[in-house]
Every structure is written in C-alpha cells, then in structure tokens.
Number of protein chains: 2
Amino acid sequence: MHEESALHNVQPARKQQQRSVVTQQKLLNAAIEAFAENGFKGTSTRDIAERAGVHHPLITYHFKNKDQLWRAAADYIFTAFSASLNKSLKEHSNLSPKSQMSAMIRVYVSYAKDHPALHKVMVQEASYPSPRLDWLIEEHLKPFFDFAIDMLGKLQQLGVAVPGNTAVLFNMIRLSSGGLLALGNELGDSSGLDIDDPETIDEICEMILRVFLPGEMPAAYAANTAVESIA
Amino acid sequence: MHEESALHNVQPARKQQQRSVVTQQKLLNAAIEAFAENGFKGTSTRDIAERAGVHHPLITYHFKNKDQLWRAAADYIFTAFSASLNKSLKEHSNLSPKSQMSAMIRVYVSYAKDHPALHKVMVQEASYPSPRLDWLIEEHLKPFFDFAIDMLGKLQQLGVAVPGNTAVLFNMIRLSSGGLLALGNELGDSSGLDIDDPETIDEICEMILRVFLPGEMPAAYAANTAVESIA
DNA sequence: CAAATTATTTTCCGGATTGGACCAAATAGT
DNA sequence: ACTATTTGGTCCAATCCGGAAAATAATTTG
C-alpha cells in the first residue's frame with residue numbers, strides 16, 4: 001500500500017519506474033476523453049481502463065479511486081493549458097494589450113481544438129453542483145478567470161473591447177472559443193463547418209477578435225506594459 | 001402490448017385518459033432534466049421515473065424504451081421552443097430585421113433561462129457521434145439553424161451584424177446565449193454573476209446585441225419585409 | 001547477481017443498477 | 001356496467017460497479 005497517489009509521492013524509497021508514468025499518462029488521457037464524453041457519473045473506471053488499454057485495477061493502484069483519478073486528470077489538462085498560455089504570454093509580453101489578448105484567444109482556440117476535453121469537462125461539471133465543480137473553480141478556473149477578466153477590463157477602458165459587464169463578456173468569449181471546437185461533431189452536419197480545416201480555425205479566431213475586440217489601440221499607447229504570468 | 005408509443009397512437013380505440021398525459025408530461029420533464037445533467041448514457045430510466053415521482057415500469061408502457069423516451073423528450077422541448085419563437089416572430093413581423101433578430105435572441109435567452117436543458121442537451125449529445133445526434137440535427141437543429149443563418153446573413157449585408165462566416169457567427173451567438181444560462185452554477189462561484197437576477201439576464205441580452213449586432217439599421221430601410229415562420 | 005521494491009496481472013466479491021417482463025388492481029371513458 | 005386504458009407492485013436475469021486481495025512479473029538498487 002502507498003499513502004499518496006504515485007503522482008504526488010512524497011518520499012519514493014525508490015525511483016518511479018518508466019512504465020509506471022507511461023500507464024499513468026495513458027490512464028489520464030483516457031480518463032479525460034471519457035469524462036468529457038459522458039461526465040463523471042456516466043463514466044466507469046472500467047471504461048477508462050479499456051480506452052487506455054490497461055487492466056482496470058491499475059486505476060486503484062495509481063490513483064486510489066475514481067474521484068482522485070478525475071482530479072488528477074483535471075490537473076493534468078489544466079496545468080498543460082496553463083503552461084502553453086504562460087509561454088505565449090511571455091512571448092508577447094512586449095506587445096500591446098490587444099495583441100496580448102489576441103494571442104491569448106488564439107492559444108485557447110488552438111488548445112481547444114487539440115484538446116476539446118478542456119472545454120467539455122468544464123461544461124460537463126458545471127451542469128449541476130458537485131464537490132468537483134467547487135474544486136475545479138477554486139483550483140484552476142478562478143486564477144485564470146481573474147487574470148483574464150482583469151486584462152479584459154483594461155481593454156474595455158481603452159475602448160478596444162466592447163463595453164459592459166466584464167465577467168459576462170469574458171464568459172461569452174470563453175464559450176464561443178471553446179464551444180465551437182467542442183461542438184465539432186455537430187457543426188459539420190448542421191452548419192457545414194469543417195473544424196479540421198485550418199482555415200476554419202483562422203476564421204474562428206478572427207471572428208472572435210472582430211466581434212469582441214473591435215476597437216483599435218490608441219496610437220499613443222506605450223506598448224511596454226509588463227504582464228506578469230499567472231500564478 | 002401496444003404497437004406505438006402512446007404519444008403517437010395510431011388508432012385509439014378509446015380516448016387517451018387525462019392522467020395518462022399528466023404522467024407522460026411528468027416523465028418528459030424529468031427526462032429532460034436528467035438527460036441534460038448526465039447525458040444519455042449516464043441517465044437511468046429509474047432515475048427519471050424517480051424524479052417524475054412515478055413507477056419506473058410506466059416508462060416502458062408510455063415510451064417503449066429509453067431511446068424513444070429521449071426522442072420524445074427532445075421533441076417536446078424543441079417543439080415548445082419553436083412555438084414560442086414563432087410566436088415572437090409573428091409579433092415582430094412588422095419591425096426591422098434588426099429588431100426581429102433582437103427579439104429572437106431574447107426569446108432564446110429567456111427560454112434558456114427557464115429551460116437550460118435546451119442548450120445542455122444539445123451540448124451533451126454533440127459531445128460524441130451518435131444516432132441521436134444525427135436525428136436531432138435533422139429533425140430540429142437544421143431547420144432552425146438554416147432559418148437563423150439566413151436571417152443573420154441579411155443583417156450582415158445590411159451592415160448590422162459583424163461580417164465574416166455567417167455560420168461561425170451564428171454558432172457564436174448560440175453558444176454565448178445558451179451557454180451563459182446553462183453555466184449558472186459555475187458563473188455564480190467563478191465570476192460573481194447571479195443568473196436568477198433579472199438584471200443579469202438583461203445585461204446578457206444587451207451585451208449579446210452590442211457585440212454581435214453593433215450596426216444601426218439604414219434609416220431608409222423599409223420596415224415591412226415579411227418574415228415567414230419556420231416550418 | 002540477488003534482494004528489495006515497484007508495477008502488473010489475475011481472480012474474485014458483494015452489492016447495486018440496469019432495462020424490461022408480467023400480472024393483478026384500479027381507473028376512467030363509453 | 002362494461003371494457004380498454006393506466007397504474008401499482010413484484011420479479012428477473014444480466015450486467016456493471018468500484019474496489020480488495022493475492023499471485024506474478026519486472027526493475028531498480030546494493
């Protein structure tokens with residue numbers, strides 16, 4: 001027996017084996033996919049194990065139980081997203097606020113395209129109150145939201161973003177960006193849009209900018225306003 | 001035994017009893033709620049029956065099986081929505097296209113507030129390919145989408161709606177409108193928004209109009225362009 | 001290499017849940 | 001009052017559930 005999930009092992013008396021991290025990752029990816037499709041309740045650990053091509057008791061071994069697996073999976077995908085977001089923020093830190101927000105939206109859309117589960121899991125969990133939703137908000141959503149809303153508010157003051165309740169505006173951007181990609185299956189059949197076409201992705205990004213950030217940056221604006229990355 | 005669901009009875013040798021339609025409606029409402037929360041796979045017929053306060057074998061009696069119940073529930077909510085939409089369209093048929101689209105968005109937002117399941121079910125089913133998704137698109141989504149996209153395209157030509165791919169724009173409106181309401185649980189905790197406050201609803205509607213339909217109608221435009229209701 | 005530790009496989013469990021069948025009783029139209 | 005419709009109560013066989021436990025295999029470390 002072990003006290004903690006292998007992912008957060010405190011004192012590994014011995015090094016973690018390679019195959020271990022491989023199966024953990026296989027399980028995490030499978031879990032994300034399954035949870036995104038069928039929600040927490042609608043997903044069985046056996047389904048996840050099968051998708052991962054792994055014997056189901058390994059879930060107990062590596063993650064203790066279904067709930068911890070869900071949390072580990074959420075950590076996994078949100079941390080990865082946060083990383084690529086911070087990377088982009090750093091690269092664009094010397095550009096105008098509008099360019100920064102623009103880059104941020106592009107990162108989100110790109111990430112949502114490759115990992116639609118990011119958006120789906122959020123929607124799935126928000127469907128009804130649950131301890132997981134509370135945890136997700138506190139642990140991952142709130143920091144990101146606070147940061148983005150603050151940034152968006154500044155753009156509103158500059159006349160770049162549409163005025164109005166900033167939180168509402170932010171969530172509209174989030175839902176549009178993530179939702180379009182998550183609805184890939186439906187969009188094709190109902191609206192003739194091909195999500196896998198890079199041009200469609202571009203069109204989506206540009207449309208979001210055109211709609212939500214229609215204003216131009218004031219010419220006199222000094223581009224150099226440092227933007228700290230998210231904690 | 002009966003050949004068809006009671007809802008689509010062909011030759012009722014005797015009239016359908018009142019209490020029958022009551023339990024059917026209770027079941028339909030419960031089904032919509034449950035399917036919206038946990039998806040098709042994640043919902044059990046027993047769960048639905050329990051929510052409806054009805055003995056679960058009645059599902060078999062009234063709807064034959066789980067799948068038919070899902071279809072009946074989808075029919076129910078989409079038909080009701082279509083009705084209130086057509087009503088609003090008729091009432092505003094003498095107004096400008098922008099006012100009509102504005103009214104349409106308000107109807108959608110209001111409906112999504114009282115019946116967030118409308119949006120949730122769509123998202124749930126679009127999560128992965130399924131015969132239900134195909135059916136839903138063909139039966140309900142396509143007619144509505146085609147109508148709305150056509151209307152939106154005209155508004156783009158008039159310079160009222162933001163230019164760009166009309167289908168993308170339409171889906172952004174749809175996701176923003178429905179999504180904000182469907183995410184009620186999350187929005188409160190993560191962004192301090194109270195969905196139950198009528199002012200919030202107003203703010204949302206106005207924001208959507210401000211963002212997606214920023215242009216003014218050309219003054220010279222003749223208001224009287226008849227708009228047929230959806231088939 | 002050998003021992004100690006970590007990881008995987010295999011088997012099993014008790015219980016809950018699944019969708020659905022069945023029939024007797026109640027109810028409501030005619 | 002007669003009869004079709006609707007409901008209540010019970011049951012079932014199958015499957016799936018999350019997890020425990022023990023036997024086996026593979027790796028790291030000394």
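Chain A is the first sequence line, chain B the second, and so forth, proteins listed ahead of strands; every chain is numbered from 1. Quick note: numbers below take in every heavy atom, side chains included, and nothing from hydrogens, waters or symmetry partners. Owing to the predicted nature of the structure, the values given are computational and were not obtained by experimental measurement.
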Worksheet item: Between E139(B), E125(B), E138(B), which is the residue that forms a salt bridge (charged side-chain N to carboxylate O under 4.0 Å, His left out) with R132(B)?
Response: E125(B)

Item to complete: Could you point out which residue of F147(B), F78(B), Y76(B), F81(B) forms a ring pair (Phe, Tyr, Trp, His ring centres under 6.0 Å) with H140(B)?
Response: F78(B)

Worksheet entry | Pairwise 5' ranking along DNA chain C for P57(A) and N65(B), keeping only the more 5' one | P57(A)

Fill in: Earlier contact from the 5' end, DNA chain C, for K41(A) and V54(A)
V54(A)

Worksheet entry | D67(B)/R71(B) ion pair, N-O < 4.0 Å | yes

Item to complete: State plainly whether the residues R174(B) and E186(A) are in salt-bridge range, i.e. N to O under 4.0 Å.
Response: yes

Worksheet, complete the sentence: Contact check, residues 42-51 of chain A vs DNA chain D, heavy-atom distance under 4.0 Å, returns T43(A), S44(A), T45(A), R46(A)

Interatomic distance, [X] [atom1] vs [N] [atom2] [rounded to whole Å]:
X: R19(B); N: dG8(D); atom1: CZ; atom2: P; value: 8 Å
X: Q24(A); N: dT8(C); atom1: CD; atom2: C1'; value: 13 Å
X: N38(B); N: dT17(C); atom1: CG; atom2: P; value: 14 Å
X: H62(A); N: dG18(D); atom1: NE2; atom2: P; value: 18 Å

For [N], does either OP1 or OP2 sit under 4.0 Å from a side-chain N or O belonging to [X]?
X: S20(B); N: dT5(D); answer: no
X: H55(B); N: dG9(D); answer: yes
X: T23(B); N: dT6(D); answer: no

Discussion item. Tell me the bend of the helix from dC1(C)-dG30(D) to dT30(C)-dA1(D) as the angle between end helix axes, each from five pairs, rounded to the nearest 10 degrees.
Written reply: 30°

Discussion item. Which residues pass the side-chain hydrogen bond (donor to acceptor under 3.5 Å, both in side chains) test with D146(A), not counting sequence neighbours?
Written reply: none

Worksheet item: When rounded to the nearest 0.5 angstrom, what is the spacing between CZ in F145(B) and OG in S191(A)?
Response: 5.5 Å

Worksheet item: Nearest 0.5 Å, what's the CE-CZ distance between M207(A) and F212(A)?
Response: 10.5 Å

Worksheet item: Do the side chain of H56(B) and the base of dG20(C) come within less than 3.5 angstrom through a donor-acceptor pair of N or O atoms?
Response: yes

Practice prompt. For residues S88(B) and M104(B), determine if any side-chain heavy atom of one lies less than 4.5 Å from a side-chain heavy atom of the other.
Written response: no

Discussion item. How close do A112(B) and G178(B) get, counting heavy atoms only, and between which atoms?
Written reply: CB-CA, 4.2 Å

